Amino acid sequence: MLQSRLREARIAKNMKPSDVAKAVGITERAYRYIEAGERVPSLETAIKLEQVLGIPPRELLVQSNSTSEQGSEQGEHTA
């Protein structure tokens with residue numbers, strides 16, 4: 001599952017959620033939502049996450065497609 005990949009990659013790099021968020025240029029809260037699978041990152045954020053954690057943007061965006069559709073039905077916004 002994508003969420004566990006983000007978490008595993010972050011832990012493997014010895015980073016806290018706040019470290020990743022700062023490196024990517026988003027709030028810690030936004031990163032936590034992405035890691036939990038509650039939000040889909042923007043393309044720009046996905047590219048930055050690849051640079052920081054090594055997970056290709058395609059995996060972040062394609063894998064999260066169903067989450068995005070559910071979120072838009074509920075009036076949620078992406079990070």
Side-chain angles (χ1 to χ4, degrees):
M1 195 166 214
L2 178 63
Q3 296 87 331
S4 59
R5 290 233 16 232
L6 279 171
R7 185 174 187 276
E8 289 170 7
R10 175 178 57 77
I11 291 170
K13 294 194 175 271
N14 226 10
M15 297 178 84
K16 295 183 261 184
S18 58
D19 298 331
V20 176
K22 185 175 182 179
V24 172
I26 59 176
T27 65
E28 181 179 352
R29 184 178 203 167
Y31 175 74
R32 286 183 183 273
Y33 279 132
I34 294 167
E35 189 175 278
E38 295 176 21
R39 298 284 195 279
V40 177
S42 67
L43 179 58
E44 180 182 347
T45 299
I47 291 168
K48 290 178 182 178
L49 282 168
E50 177 184 29
Q51 294 168 347
V52 175
L53 297 177
I55 297 176
R58 183 171 187 203
E59 286 185 37
L60 294 169
L61 300 172
V62 173
Q63 186 78 16
S64 300
N65 228 0
S66 62
T67 304
S68 175
E69 291 169 8
Q70 290 172 359
S72 62
E73 290 172 8
Q74 297 170 1
E76 297 176 358
H77 301 283
T78 57

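A quick note: this is a predicted structure, and the numbers were derived from the prediction, not measured.
- Scanning all heavy atoms of the two residues, the minimum distance from V52 to A23 falls at CG2-CB, 3.7 Å.
- Considering all non-hydrogen atoms of both residues, P56 and G54 come closest at CD-O, 3.6 Å.
- I34 and L49 get closest at one heavy-atom pair: CG2-CD1, 4.4 Å.
- Few gaps surround CD on E28; more than 12 heavy atoms of other groups in view lie less than 6.0 Å from it.
- Closest approach of Y31 to A21, counting heavy atoms only: CB-CB, 4.0 Å.
- With contacts defined as side-chain heavy-atom distances shorter than 4.5 Å, the pair V20/L6 does not qualify.
- Going from atom CD of E50 over to atom CD of E59 covers 9.5 Å, rounded to the nearest 0.5 Å.
- The nearest pair of heavy atoms linking I55 to A9 is CD1-CB, 4.0 Å.
- If you take CD on E35 and CG on L53, they are separated by 8.5 Å, rounding to the nearest 0.5 Å.
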